[in-house]
Amino acid sequence: MESLQREIADDAVFDDDFGFDPAALSSASPAAQQQLTETPTGSDTESIADTPLVAGVDQAFFDDQAISAVVVLQGGEVVERTHAITDLSIPYIPGLLAFREGGPIVAALETLDCDPDLLCVDGSGRIHYRQAGLATHIGVVFDTPSIGVAKNLLCGSPQESVDDRPTGWRTPIEADDAVDCADGMIIGYAYQSRQYESSNRHINPLYVSPGHRVAVDTTVDLVAALCDGYKLPEPTRLADSYADDLKAELS
DNA sequence: GCGACAG
DNA sequence: ATCTTGTCGC
């Protein structure tokens, strides 16, 4: 399994190679973007068509079954939702998450009518022992640009302490000896998508990393653009609650 | 051998 | 991931 991950890492592209404008990703609705970009003569179909499709993927679990939910957003609006329920055979093992959850996610993505410009995956991408986390695995399988958004750090080390940082703050994650690449290589970022202003409690940062065909710096910018007042990017957040709803119906 | 460890 | 009430703050 580890050798397969090395092959996936070899196939992965950790540079920008996607066909949309990152600036067109804002959480503003297509209609709002349209108004902003509308010309006096007004051909108003272009801005919608040019707005990238971002698919959020998340899962819930129940009785050794995975409920994989996918929500596709275009400029902040849901354009498609789909899901798949799959039996789980492999247990969770740090570093091998893609073998447990990859199949179920692929099953859900295959039922999609549209084809997304970007996949937003819950879990690490390049922040992984062999640089082939779940987001990378999925991205390479579909050869679609992808990014990984994790709530915890698997490996690597933040350049600065991540404790109690303000909204918008970020710091690079450097490869350490646990990562299969040059020491000090920037493999991701800790990104504080949200923080309480004046409170006793505080929010932990997200750990974002390239999946496939996205550079590390672009990855943080994309996540920043996809967040809309909540800790998680909108596509992920909506996929998360959709998975919870499906699970509730199933229980 | 010991510690670390996405979801 | 999952099991779960109250509680603090805008």
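To find a chain, count down the sequence lines: A is the first, B the second, and so on, and within it residues start at 1.
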Visitor: Pull out every residue in residues 81-104 of chain A that has a heavy atom closer than 4.0 Å to any atom of DNA chain B, ordered by number, or say none.
Guide: Tyr92(A), Pro94(A), Gly95(A), Leu96(A), Leu97(A), Glu101(A)
Visitor: Check the distance between dA4(B)'s C1' and His128(A)'s NE2 and give it to me in whole angstrom.
Guide: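 After rounding, the reported distance stands at 14 Å.
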Visitor: CG of Leu153(A) versus C1' of dG7(B): gap in Å, rounded?
Guide: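 My rounded result for the distance is 14 Å.
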Visitor: Any chance the side chains of Gln159(A) and Thr171(A) put a donor and an acceptor closer than 3.5 Å?
Guide: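 Absent: no donor and acceptor within the cut-off.
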Visitor: For a ring pair (Phe, Tyr, Trp, His ring centres under 6.0 Å) check, start with the C-alpha distance between His137(A) and Phe99(A), then their side-chain angles and the critical distance, and finish with the verdict.
Guide: CA-CA 9 Å; His137(A) 197 108; Phe99(A) 294 104; 5.7 Å; yes
Visitor: Would you jot down, in residue-number order, the residues of residues 60-73 of chain A having a non-hydrogen atom under 4.0 Å from DNA chain C?
Guide: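 Heavy-atom cutoff 4.0 Å gives Ala60(A), Phe61(A).
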Visitor: Do side-chain atoms of Ser251(A) reach the backbone of Lys247(A) as a donor and acceptor pair under 3.5 angstrom?
Guide: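 Confirmed, Ser251(A) side chain pairs with Lys247(A) backbone.
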Visitor: Flag the pair Arg130(A) and Asp10(A) as a salt bridge only when some basic side-chain nitrogen lies within less than 4.0 angstrom of an acidic carboxylate oxygen.
Guide: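 A salt bridge is absent here (no side-chain N lies under 4.0 Å from a carboxylate O).
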Visitor: For DNA chain B, which residues in residues 174-197 of chain A have a heavy atom at a distance below 4.0 Å?
Guide: none
Visitor: Any side-chain donor paired with an acceptor under 3.5 Å for Asp58(A) and Tyr242(A)?
Guide: no
Visitor: Using whole Å, report how far CG of Leu134(A) lies from P of dG7(B).
Guide: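 Between P of dG7(B) and CG of Leu134(A): 10 Å.
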Visitor: Reckon Tyr207(A) touches a base, only the sugar-phosphate, or nothing at all at heavy-atom distances under 4.0 Å?
Guide: nothing
Visitor: Could you tell me whether the side chain of Thr144(A) and the main chain of Gly139(A) form a donor-acceptor pair under 3.5 Å?
Guide: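 Checked: no pair found.
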Visitor: Between Tyr191(A) and Tyr189(A), is the ring centre distance below 6.0 Å?
Guide: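 No, ring centres 6.0 Å or more apart.
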Visitor: Using a cut-off of strictly less than 4.0 Å, decide whether Lys247(A) has a side-chain nitrogen or oxygen near OP1 or OP2 of dA1(C).
Guide: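 It does not, given that no N or O in the side chain of Lys247(A) lies less than 4.0 Å from OP1 or OP2 of dA1(C).
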Visitor: Within the pair Asn152(A) and dG7(B), is there a side-chain N or O less than 4.0 Å away from OP1 or OP2?
Guide: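 For dG7(B), OP1 or OP2 has a side-chain N or O of Asn152(A) closer than 4.0 Å.
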Visitor: Do Thr111(A) and Thr82(A) have side-chain atoms, one donor and one acceptor, less than 3.5 Å apart?
Guide: yes
Visitor: Show your working on side-chain contact (heavy atoms from CB on, under 4.5 Å) between Ile90(A) and Met1(A) and close with a plain yes or no.
Guide: CA-CA 12 Å; Ile90(A) 302 169; Met1(A) 299 185 118; 4.3 Å; yes
Visitor: Expressed as a whole number of angstroms, how long is the span from Leu154(A):CG to dG3(B):C1'?
Guide: 14 Å
Visitor: Could you tell me whether a side-chain N or O of Gln131(A) sits under 3.5 Å from a main-chain N or O of Asp180(A), the two making a donor and an acceptor?
Guide: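 Side chain of Gln131(A) to backbone of Asp180(A): a pair is present.
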Visitor: Should we count CZ of Arg100(A) as having more than 12 external heavy atoms under 6.0 Å?
Guide: yes
Visitor: Whenever both distances are under 3.5 Å in a Watson-Crick or G-U wobble pair, mark it; put DNA chain B into dot-bracket that way, with [ ] for crossing pairs and | when the partner is on another strand.
Guide: .......
Visitor: Checking Gln74(A) side chain against Thr51(A) main chain: does a donor-acceptor pair fall under 3.5 Å?
Guide: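 It does hold such a pair.
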Visitor: May I ask you to decide if His212(A)'s main-chain N or O and Ser146(A)'s side chain share a donor-acceptor pair within less than 3.5 Å?
Guide: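 The answer is yes, because a donor-acceptor pair under 3.5 Å joins these two groups.
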Visitor: Just wondering, more than 12 heavy atoms not from Asp115(A) lying within 6.0 Å of its CG?
Guide: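 Open.
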Visitor: Could you state the atom-to-atom distance from CD of Gln5(A) to C1' of dC5(B) in whole Å?
Guide: 14 Å
Visitor: So, does Arg213(A) use its side chain to make a donor-acceptor pair with the main chain of Asp17(A) at under 3.5 Å?
Guide: yes
Visitor: Counting N and O atoms only, with roles assigned by atom type, does the side chain of Gln192(A) sit under 3.5 Å from a partner on the main chain of Leu206(A), one being a donor and the other an acceptor?
Guide: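 Answer holds: no.
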Visitor: Please check: side-chain N/O of His83(A) versus main-chain N/O of Leu246(A), any donor-acceptor pairing under 3.5 Å?
Guide: no
Visitor: According to a 4.5 Å side-chain heavy-atom criterion applied to Ile, Leu, Val, Met, Phe, Trp and Tyr, with indirect links allowed, do Val141(A) and Leu112(A) form part of one hydrophobic cluster?
Guide: yes
Visitor: Report all interatomic pairs (protein N or O, nucleotide N or O of nucleotides 6-8 of chain C) with separations under 3.5 Å.
Guide:
unit_1 : atom_1 : unit_2    : atom_2 : d
dC8(C) : O2     : Arg201(A) : NH2    : 2.9

Visitor: For DNA chain C, list all stems, counting runs of three or more consecutive pairs where every pair is Watson-Crick or G-U wobble with both distances under 3.5 Å.
Guide: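 Stems (3+ consecutive pairs): none listed.
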